[in-house]
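Quick notes on the structure that follows.
The shown structure was predicted, so the numbers you read here are calculated from the model rather than taken from an experiment. Both ligands and their constituent atoms are indexed starting at 1 by order of listing.
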Amino acid sequence: MKTAVTELLEIEYPIFQGGMAWVAEHHLAAAVSNAGGLGIIASGGAPCEAIREEVRKTRELTEKPFGLNVMLMNPEADAIARMAVEEGVAVVTTGAGNPEKYFPLWKEAGIKIIPVVASAGLAKRMEKYGADAVIAEGYESGGHIGEQTTMSLVPQVVNVVNIPVLAAGGIGDGRGVAAALMLGAEGVQVGTRFLLADETQIHDNYKEKVAKSKDIDTQVTGRTTGHPVRLLRNQMTRKYLKMESEGADLETLEHLTLGSLRKAVVEGDIVEGSVMAGQIAGLVHKRQTCSEIVTEMMDEACSIMKEKAGRFCR
Ligand code: TUI
(Lines give C-alpha, C1' and ligand atoms only; values in the text may rest on other atoms or scores of the structure.)
Protein backbone atom coordinates (compact mmCIF):
# COMPACT_ATOMS: atom_id res chain seq x y z
CA MET A 1 0.00 0.00 0.00
CA LYS A 2 1.34 3.40 -0.99
CA THR A 3 0.36 6.47 1.06
CA ALA A 4 2.01 9.74 2.07
CA VAL A 5 3.19 7.95 5.25
CA THR A 6 4.81 4.99 3.49
CA GLU A 7 6.53 7.47 1.14
CA LEU A 8 7.70 9.73 3.97
CA LEU A 9 9.28 6.91 5.99
CA GLU A 10 10.08 4.46 3.19
CA ILE A 11 8.12 1.67 4.83
CA GLU A 12 5.88 -0.95 3.24
CA TYR A 13 2.63 -0.49 5.17
CA PRO A 14 1.21 2.65 6.87
CA ILE A 15 0.88 0.98 10.27
CA PHE A 16 2.65 2.29 13.37
CA GLN A 17 2.81 0.25 16.55
CA GLY A 18 1.96 2.54 19.46
CA GLY A 19 4.76 3.39 21.91
CA MET A 20 3.09 1.69 24.88
CA ALA A 21 4.86 2.28 28.20
CA TRP A 22 6.45 -0.90 29.65
CA VAL A 23 5.21 -2.87 26.63
CA ALA A 24 6.88 -1.50 23.52
CA GLU A 25 10.46 -2.75 23.85
CA HIS A 26 12.98 -4.00 21.31
CA HIS A 27 11.45 -7.41 20.46
CA LEU A 28 8.08 -5.88 19.60
CA ALA A 29 9.40 -2.79 17.81
CA ALA A 30 11.83 -4.80 15.67
CA ALA A 31 9.15 -7.36 14.78
CA VAL A 32 6.73 -4.67 13.60
CA SER A 33 9.41 -2.92 11.55
CA ASN A 34 10.49 -6.25 10.04
CA ALA A 35 6.83 -6.86 9.15
CA GLY A 36 6.86 -3.67 7.07
CA GLY A 37 5.18 -1.30 9.55
CA LEU A 38 6.87 1.12 11.92
CA GLY A 39 7.89 -0.34 15.28
CA ILE A 40 8.18 2.20 18.06
CA ILE A 41 10.09 1.96 21.33
CA ALA A 42 8.30 3.43 24.31
CA SER A 43 9.90 5.70 26.85
CA GLY A 44 6.99 5.84 29.31
CA GLY A 45 8.49 6.79 32.64
CA ALA A 46 11.75 4.84 32.11
CA PRO A 47 15.25 6.29 32.64
CA CYS A 48 17.07 7.56 29.55
CA GLU A 49 19.88 5.00 29.65
CA ALA A 50 17.48 2.06 29.78
CA ILE A 51 15.74 3.38 26.66
CA ARG A 52 19.08 3.91 24.92
CA GLU A 53 19.75 0.19 25.42
CA GLU A 54 16.38 -0.62 23.88
CA VAL A 55 17.25 1.49 20.83
CA ARG A 56 20.56 -0.33 20.42
CA LYS A 57 18.97 -3.76 20.81
CA THR A 58 16.28 -2.90 18.27
CA ARG A 59 18.95 -1.94 15.78
CA GLU A 60 20.55 -5.39 16.22
CA LEU A 61 17.25 -7.04 15.27
CA THR A 62 16.21 -4.94 12.27
CA GLU A 63 17.68 -2.91 9.45
CA LYS A 64 14.33 -1.26 8.79
CA PRO A 65 13.41 2.17 10.18
CA PHE A 66 11.90 2.27 13.65
CA GLY A 67 10.73 5.03 15.96
CA LEU A 68 11.19 6.23 19.51
CA ASN A 69 8.29 7.65 21.50
CA VAL A 70 9.17 10.44 23.91
CA MET A 71 6.56 10.56 26.66
CA LEU A 72 6.78 14.22 27.58
CA MET A 73 5.80 13.76 31.24
CA ASN A 74 8.89 11.58 31.72
CA PRO A 75 11.21 13.51 34.12
CA GLU A 76 14.13 12.64 31.81
CA ALA A 77 12.39 13.81 28.61
CA ASP A 78 15.20 16.33 27.85
CA ALA A 79 17.87 13.64 28.06
CA ILE A 80 15.77 11.21 26.00
CA ALA A 81 15.28 13.88 23.32
CA ARG A 82 19.08 14.31 23.06
CA MET A 83 19.65 10.54 23.16
CA ALA A 84 17.42 10.14 20.07
CA VAL A 85 19.92 12.35 18.22
CA GLU A 86 22.99 10.61 19.62
CA GLU A 87 21.65 7.19 18.62
CA GLY A 88 20.60 8.32 15.14
CA VAL A 89 16.94 7.38 15.57
CA ALA A 90 15.03 7.83 12.28
CA VAL A 91 11.63 8.83 13.65
CA VAL A 92 10.45 10.37 16.91
CA THR A 93 6.85 10.35 18.08
CA THR A 94 5.78 12.22 21.20
CA GLY A 95 2.90 11.91 23.64
CA ALA A 96 1.17 13.59 26.55
CA GLY A 97 2.27 17.14 25.81
CA ASN A 98 3.67 19.74 23.44
CA PRO A 99 7.15 18.82 22.11
CA GLU A 100 7.96 22.05 20.22
CA LYS A 101 11.00 22.93 22.32
CA TYR A 102 12.79 19.86 20.92
CA PHE A 103 12.05 20.59 17.26
CA PRO A 104 15.26 22.56 16.45
CA LEU A 105 17.40 19.75 17.90
CA TRP A 106 15.58 17.01 16.02
CA LYS A 107 15.28 18.93 12.75
CA GLU A 108 18.99 19.65 12.70
CA ALA A 109 19.66 15.93 13.12
CA GLY A 110 17.28 15.08 10.26
CA ILE A 111 14.93 13.12 12.53
CA LYS A 112 11.36 12.79 11.30
CA ILE A 113 9.03 14.32 13.92
CA ILE A 114 5.54 12.89 14.37
CA PRO A 115 3.77 14.20 17.49
CA VAL A 116 0.62 12.66 18.91
CA VAL A 117 -2.09 15.30 19.14
CA ALA A 118 -5.53 15.24 20.70
CA SER A 119 -6.83 18.45 19.10
CA ALA A 120 -6.82 20.24 15.73
CA GLY A 121 -5.25 23.29 17.38
CA LEU A 122 -2.16 21.42 18.52
CA ALA A 123 -1.92 19.68 15.13
CA LYS A 124 -1.81 23.05 13.37
CA ARG A 125 0.82 24.31 15.76
CA MET A 126 2.94 21.19 15.24
CA GLU A 127 2.83 21.70 11.47
CA LYS A 128 3.89 25.33 11.87
CA TYR A 129 6.92 24.31 13.92
CA GLY A 130 7.98 21.75 11.31
CA ALA A 131 6.39 18.38 12.19
CA ASP A 132 6.58 15.87 9.34
CA ALA A 133 3.21 14.28 10.17
CA VAL A 134 0.87 14.06 13.16
CA ILE A 135 -0.92 11.21 14.87
CA ALA A 136 -4.49 12.20 15.78
CA GLU A 137 -5.27 10.02 18.77
CA GLY A 138 -8.85 9.64 19.93
CA TYR A 139 -10.54 8.95 23.22
CA GLU A 140 -10.92 5.24 22.41
CA SER A 141 -7.19 4.70 22.99
CA GLY A 142 -5.65 3.00 25.98
CA GLY A 143 -3.46 4.86 28.45
CA HIS A 144 -3.35 8.65 28.65
CA ILE A 145 -6.15 10.09 26.51
CA GLY A 146 -7.65 13.31 25.17
CA GLU A 147 -11.33 14.29 24.88
CA GLN A 148 -12.23 13.80 21.20
CA THR A 149 -13.21 10.53 19.60
CA THR A 150 -11.17 9.31 16.65
CA MET A 151 -14.22 9.63 14.36
CA SER A 152 -14.54 13.37 14.98
CA LEU A 153 -10.88 14.24 15.64
CA VAL A 154 -9.29 12.77 12.50
CA PRO A 155 -11.28 14.63 9.81
CA GLN A 156 -11.00 17.89 11.75
CA VAL A 157 -7.22 17.51 11.99
CA VAL A 158 -7.03 16.54 8.31
CA ASN A 159 -8.87 19.76 7.43
CA VAL A 160 -6.40 22.08 9.12
CA VAL A 161 -2.99 20.64 8.18
CA ASN A 162 -1.16 19.90 4.95
CA ILE A 163 1.10 17.21 6.42
CA PRO A 164 0.07 13.53 6.58
CA VAL A 165 -2.23 12.51 9.44
CA LEU A 166 -2.26 9.09 11.08
CA ALA A 167 -5.32 7.98 13.01
CA ALA A 168 -5.10 6.26 16.39
CA GLY A 169 -7.64 5.05 18.92
CA GLY A 170 -10.08 2.23 18.33
CA ILE A 171 -8.33 0.71 15.32
CA GLY A 172 -7.91 -3.05 15.70
CA ASP A 173 -8.57 -4.63 12.32
CA GLY A 174 -8.77 -3.92 8.59
CA ARG A 175 -12.18 -2.29 8.94
CA GLY A 176 -10.65 0.26 11.29
CA VAL A 177 -7.80 0.90 8.86
CA ALA A 178 -10.23 1.40 5.97
CA ALA A 179 -12.41 3.73 8.06
CA ALA A 180 -9.38 5.80 9.07
CA LEU A 181 -8.32 6.14 5.44
CA MET A 182 -11.86 7.24 4.54
CA LEU A 183 -11.61 9.98 7.19
CA GLY A 184 -8.55 11.30 5.39
CA ALA A 185 -5.78 9.61 7.35
CA GLU A 186 -2.72 8.39 5.44
CA GLY A 187 -1.90 5.77 8.05
CA VAL A 188 -2.85 4.35 11.43
CA GLN A 189 -1.29 3.69 14.80
CA VAL A 190 -2.31 0.50 16.56
CA GLY A 191 -1.66 -0.33 20.19
CA THR A 192 -4.13 -2.75 21.77
CA ARG A 193 -4.01 -5.35 18.99
CA PHE A 194 -0.24 -5.63 19.40
CA LEU A 195 -0.68 -6.49 23.10
CA LEU A 196 -1.50 -10.04 21.97
CA ALA A 197 1.39 -10.31 19.50
CA ASP A 198 3.66 -13.30 20.07
CA GLU A 199 6.67 -10.98 20.17
CA THR A 200 5.14 -8.84 22.95
CA GLN A 201 7.01 -9.60 26.16
CA ILE A 202 4.28 -8.91 28.69
CA HIS A 203 2.99 -11.26 31.39
CA ASP A 204 0.54 -13.83 30.06
CA ASN A 205 -2.08 -12.75 32.61
CA TYR A 206 -2.15 -9.34 30.90
CA LYS A 207 -2.62 -10.95 27.47
CA GLU A 208 -5.40 -13.21 28.79
CA LYS A 209 -7.24 -10.27 30.35
CA VAL A 210 -7.17 -8.38 27.05
CA ALA A 211 -8.20 -11.49 25.11
CA LYS A 212 -11.22 -12.05 27.37
CA SER A 213 -12.39 -8.45 27.61
CA LYS A 214 -15.59 -7.11 26.06
CA ASP A 215 -16.49 -3.75 24.52
CA ILE A 216 -17.61 -2.23 27.82
CA ASP A 217 -14.69 -3.39 29.94
CA THR A 218 -12.49 -0.28 29.94
CA GLN A 219 -12.76 2.56 32.43
CA VAL A 220 -11.17 6.00 32.60
CA THR A 221 -9.44 7.03 35.80
CA GLY A 222 -7.99 10.44 36.60
CA ARG A 223 -10.60 12.65 34.96
CA THR A 224 -10.42 14.92 38.02
CA THR A 225 -6.61 15.00 38.17
CA GLY A 226 -6.12 16.20 34.60
CA HIS A 227 -4.44 12.91 33.64
CA PRO A 228 -7.24 10.71 32.31
CA VAL A 229 -6.04 7.15 31.69
CA ARG A 230 -8.02 4.31 30.06
CA LEU A 231 -7.56 0.82 31.50
CA LEU A 232 -9.36 -2.48 31.76
CA ARG A 233 -11.68 -2.54 34.75
CA ASN A 234 -10.36 -4.33 37.83
CA GLN A 235 -10.02 -3.89 41.60
CA MET A 236 -7.52 -1.04 41.05
CA THR A 237 -9.79 0.99 38.75
CA ARG A 238 -12.81 0.44 41.02
CA LYS A 239 -10.88 1.59 44.07
CA TYR A 240 -9.42 4.56 42.19
CA LEU A 241 -12.79 5.70 40.85
CA LYS A 242 -14.42 5.34 44.26
CA MET A 243 -11.70 7.44 45.88
CA GLU A 244 -11.86 9.94 43.02
CA SER A 245 -15.63 10.33 43.41
CA GLU A 246 -15.09 10.92 47.13
CA GLY A 247 -12.76 13.80 46.25
CA ALA A 248 -9.40 12.19 47.09
CA ASP A 249 -6.42 14.49 46.54
CA LEU A 250 -3.92 14.10 43.72
CA GLU A 251 -1.19 12.72 45.94
CA THR A 252 -3.35 9.90 47.31
CA LEU A 253 -4.51 8.95 43.82
CA GLU A 254 -0.99 9.00 42.39
CA HIS A 255 0.15 6.78 45.23
CA LEU A 256 -2.50 4.27 44.20
CA THR A 257 -1.23 4.12 40.58
CA LEU A 258 2.49 4.49 41.22
CA GLY A 259 4.25 1.51 39.73
CA SER A 260 0.95 -0.14 38.96
CA LEU A 261 1.55 -0.51 35.21
CA ARG A 262 4.78 -2.37 35.92
CA LYS A 263 2.90 -4.54 38.39
CA ALA A 264 0.49 -5.67 35.65
CA VAL A 265 2.94 -5.93 32.74
CA VAL A 266 5.89 -7.51 34.54
CA GLU A 267 4.42 -9.31 37.54
CA GLY A 268 1.10 -10.20 35.94
CA ASP A 269 -0.90 -8.67 38.78
CA ILE A 270 -4.04 -7.90 36.81
CA VAL A 271 -6.11 -7.36 39.96
CA GLU A 272 -4.24 -4.48 41.59
CA GLY A 273 -2.11 -3.46 38.59
CA SER A 274 -2.90 -1.04 35.74
CA VAL A 275 -4.01 -3.00 32.70
CA MET A 276 -3.98 -0.25 30.07
CA ALA A 277 -5.88 -1.06 26.87
CA GLY A 278 -8.12 0.72 24.39
CA GLN A 279 -11.85 0.34 23.84
CA ILE A 280 -11.15 -1.97 20.90
CA ALA A 281 -9.86 -4.63 23.36
CA GLY A 282 -13.21 -6.42 23.00
CA LEU A 283 -12.35 -7.14 19.37
CA VAL A 284 -8.86 -8.44 20.09
CA HIS A 285 -8.78 -12.17 20.82
CA LYS A 286 -6.22 -13.79 18.56
CA ARG A 287 -2.60 -14.42 19.38
CA GLN A 288 -0.56 -13.89 16.24
CA THR A 289 2.86 -12.77 15.12
CA CYS A 290 3.38 -9.09 14.31
CA SER A 291 3.79 -10.03 10.68
CA GLU A 292 0.41 -11.81 10.68
CA ILE A 293 -1.24 -8.82 12.36
CA VAL A 294 0.18 -6.31 9.89
CA THR A 295 -0.54 -8.32 6.74
CA GLU A 296 -4.01 -9.39 7.91
CA MET A 297 -5.00 -5.79 8.70
CA MET A 298 -3.74 -4.51 5.35
CA ASP A 299 -5.35 -7.34 3.33
CA GLU A 300 -8.66 -6.82 5.12
CA ALA A 301 -8.53 -3.05 4.57
CA CYS A 302 -7.90 -3.42 0.85
CA SER A 303 -10.59 -6.04 0.25
CA ILE A 304 -13.16 -4.04 2.23
CA MET A 305 -12.42 -0.85 0.32
CA LYS A 306 -12.76 -2.65 -3.01
CA GLU A 307 -15.90 -4.52 -1.99
CA LYS A 308 -17.66 -1.45 -0.61
CA ALA A 309 -16.74 0.73 -3.57
CA GLY A 310 -18.06 -1.94 -5.97
CA ARG A 311 -21.28 -2.34 -3.97
CA PHE A 312 -22.14 1.26 -3.05
CA CYS A 313 -20.71 3.39 -5.86
CA ARG A 314 -21.39 3.60 -9.53
O1 TUI B 1 0.80 9.45 25.69
C2 TUI B 1 -0.13 8.77 25.35
N3 TUI B 1 -0.54 7.70 26.04
C4 TUI B 1 0.04 7.24 27.19
S5 TUI B 1 1.42 7.87 27.94
C6 TUI B 1 1.31 6.76 29.14
S7 TUI B 1 2.43 6.71 30.47
C8 TUI B 1 1.44 7.34 31.69
N9 TUI B 1 1.16 6.53 32.69
C10 TUI B 1 0.41 6.95 33.70
C11 TUI B 1 -0.12 8.22 33.72
C12 TUI B 1 0.12 9.05 32.69
C13 TUI B 1 0.91 8.60 31.63
C14 TUI B 1 0.26 5.93 28.93
N15 TUI B 1 -0.42 6.22 27.83
N16 TUI B 1 -0.81 9.05 24.22
C17 TUI B 1 -0.52 10.18 23.43
C18 TUI B 1 -1.41 11.30 23.79
N19 TUI B 1 -1.01 12.52 23.85
N20 TUI B 1 -2.71 11.20 24.09
C21 TUI B 1 -3.14 12.46 24.33
C22 TUI B 1 -2.06 13.28 24.17
C23 TUI B 1 -1.97 14.70 24.29
C24 TUI B 1 -2.82 15.41 25.13
C25 TUI B 1 -2.69 16.78 25.22
C26 TUI B 1 -1.00 15.37 23.56
C27 TUI B 1 -0.87 16.72 23.65
C28 TUI B 1 -1.72 17.41 24.48
O29 TUI B 1 -1.59 18.76 24.51
C30 TUI B 1 -0.97 19.32 25.61
C31 TUI B 1 -0.54 20.72 25.35
O32 TUI B 1 0.38 21.14 26.05
O33 TUI B 1 -1.10 21.34 24.44
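- Taking a distance limit of 4.0 Å, we find that atom 18 (C) of ligand 1 is approached by some protein heavy atom.
- Tracing side-chain contacts under 4.5 Å through hydrophobic residues (I, L, V, M, F, W, Y), one reaches Ile111 starting from Val55; they form part of the same cluster.
- Nearest protein heavy-atom neighbour of atom 11 (C) of ligand 1: Val229 CG2, 3.9 Å.
- Closest to atom 15 (N) of ligand 1 among all protein heavy atoms lies His144 N, 2.9 Å.
- The distance from the CD1 atom of Ile163 to the CG atom of Leu8 is 9.5 Å, given to the nearest 0.5 Å.
- Taking atom 9 (N) of ligand 1 as the reference point, the nearest protein heavy-atom neighbour is Met276 CE, 3.7 Å.
- Of all protein heavy atoms, the one closest to atom 28 (C) of ligand 1 is Leu122 CD2, 3.9 Å.
- Protein heavy atom at the shortest distance from atom 30 (C) of ligand 1 is Gly97 CA, 3.9 Å.
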Residue pair Ser260, Thr257: steps toward the side chain to side chain donor-acceptor pair (under 3.5 Å) verdict: CA-CA 5 Å; Ser260 63; Thr257 51; 5.2 Å; no
side-chain contact (heavy atoms from CB on, under 4.5 Å) between Ser291 and Asn34, worked out: CA-CA 8 Å; Ser291 173; Asn34 284 332; over 6 Å; no
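- Annotation: the span from Asp299 atom CG to Glu292 atom CD amounts to 12.0 Å, rounded to 0.5 Å.
- The backbone and the side chain of Val116 each have at least one atom closer than 4.0 Å to an atom of ligand 1 (non-hydrogen atoms only).
- Considering backbone and side-chain atoms alike, Glu137 places an N or O below 3.5 Å from some N or O of ligand 1.
- Nearest to atom 1 (O) of ligand 1 among the protein's heavy atoms is Ala96 N, 3.6 Å.
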Full working for side chain to side chain donor-acceptor pair (under 3.5 Å) between Gln201 and Glu25: CA-CA 8 Å; Gln201 314 281 308; Glu25 47 68 79; 5.0 Å; no
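- For atom 24 (C) of ligand 1, the closest non-hydrogen atom on the protein side is Ala118 CB, 4.1 Å.
- The contact set between ligand 1 and Asn98, taken as ligand atoms under 4.0 Å from a residue heavy atom, comprises 32 (O).
- Taking only non-hydrogen atoms, the option from His227, Met73, Met20 nearest to atom 12 (C) of ligand 1 is Met73.
- Below 4.0 Å from some heavy atom of Gly143 lie the following atoms of ligand 1, by number and element: 14 (C), 15 (N).
- Taking CD of Glu140 as the reference point, atom CZ of Arg230 lies at 7.5 Å (rounded to 0.5 Å).
- Residue, atom and distance of the protein heavy atom nearest to atom 5 (S) of ligand 1 are Met71 CG, 3.7 Å.
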Criterion side-chain contact (heavy atoms from CB on, under 4.5 Å) on Val188 and Ile15, from CA distance to verdict: CA-CA 5 Å; Val188 297; Ile15 297 192; 4.0 Å; yes
Derivation and outcome, side-chain contact (heavy atoms from CB on, under 4.5 Å), residues Leu196 and Lys286: CA-CA 7 Å; Leu196 289 201; Lys286 276 192 290 191; 5.9 Å; no
